[in-house]
Amino acid sequence: PEAADLRALARHLYEAYLKNFPLTKAKARAILSGKTGDNAPFVIHDMKSLMEGEQFINCRQIPLKEHHHHHQQQQTSALTAGLGGAHQGSEYGFLGMTSISEEGPQDALELRFFHSCQSRSAEAVREITEFAKSIPGFSELDLNDQVTLLKYGVIEVLIIMMAPLMNKDGTLISYGQIFMTREFLKSLRKPFSQMMEPKFEFSVKFNMLELDDSEMALFLAVIILSGDRPGLLNVKPIEQLQETVLHSLELQLKLNHPISLQLFAKLLQKMTDLRQIVTDHVHLIQLLKKTEVDMCLHPLLQEIMKDLY
Amino acid sequence: KEKHKILHQLLQNSTSPVDL
């Protein structure tokens, strides 16, 4: 009966994951390996293809609305203002051709790109929050502790969720409609060029563990339920919840990967690497805030990064 | 609490989305 409970928990979290995250690993890997046939992503590898990228998105009509049809229009415009955005002149619009030609200088380009990444990240934080709320027992925790768990967990979760979208050559963006090459990201001016490299390095190694979507769901819940986040008021119930999810994850890995030795241990070790990546990422953002005159940080991300590490 | 206003809102509202 205990194993049955753990299986039920895994199933529940997998369903919550599918409900809240529009691009699954299964779908992303299908796109990356060219199994989607006529729906191949548009490749951005230089400034010219970047400009054409928007045209591509406009012609295609974004499938976001299918996923998010239950949300208000307001939300949809926040979504489309991201990299997949067709909203020209939006504050966060990056692929908007008009804004590129109007503002001209290459310098502003990285900032605009950075802003559209922020928009998508903020939306992802909302998705992660909804996922967290579906973890059994999470909503019953002290509200201040829920905030702390999210504050410290979301960037780690974001980075883990990027891994399935990446391979050694680049990353899917805009809900899998666009593939942006690693070389292009590296060619942006400093420090923007340094932002993604550590994530590529981490992702290539993480992907070697070959987790599926149900295991990803459990791992994300484990990360969120970290009892050692600074400032937690009531650690015990968080640790108890995490322990149950850890058992479920361990069982799931044994069933799905019977010949992969120590996979559970290897996965837990990734959490150490992850914390270092987040610390470096936050420091880079804080540096950007100081050095870039025109930079504005999205209010939600600002809230999360304030006094974080 | 004021420091994490949006996170609080996201945690407490399930249907009405915060204007991100």
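Residue numbering restarts at 1 for every chain, and letters A, B, ... go by the order of the sequence lines.
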**side-chain contact (heavy atoms from CB on, under 4.5 Å) evaluation trace for Asp307(A) with Lys3(B)** = CA-CA 10 Å; Asp307(A) 304 319; Lys3(B) 255 176 77 184; 3.4 Å; yes

**Message:** For Glu303(A) versus Leu7(B), what's the shortest heavy-atom pair and its separation?
**Reply:** OE2-N, 2.9 Å

**Prompt:** Rounded to the nearest 0.5 Å, how far apart are CG of Asn144(A) and NE2 of His8(B)?
**Reply:** 5.5 Å

**Request:** Starting at CD1 of Ile6(B), measure out to CG of Leu150(A) and round the result to the nearest 0.5 Å.
**Result:** 13.0 Å

**Request:** Between chain B and each of Val154(A), Val147(A), Ile304(A), count heavy-atom pairs under 4.5 Å; write down the option with the most.
**Result:** Val147(A)

**Atom pair CD/NE2 of Gln146(A) and His4(B) - distance to nearest 0.5 Å** = 14.0 Å

**Asked** Are Leu300(A) and Leu10(B) close enough, and set up right, to give a side-chain contact (heavy atoms from CB on, under 4.5 Å), and what steps lead you there?
**Response** CA-CA 10 Å; Leu300(A) 176 56; Leu10(B) 287 175; 3.9 Å; yes

**Asked** Taking all non-hydrogen atoms of both residues, which atom of Glu130(A) and which atom of Asn13(B) are closest, and how far apart?
**Response** OE2-O, 3.8 Å

**Message:** Is it true that, when you exclude Glu243(A) itself, more than 12 heavy atoms of the residues, nucleotides or ligands shown sit nearer than 6.0 Å to its CD?
**Reply:** no

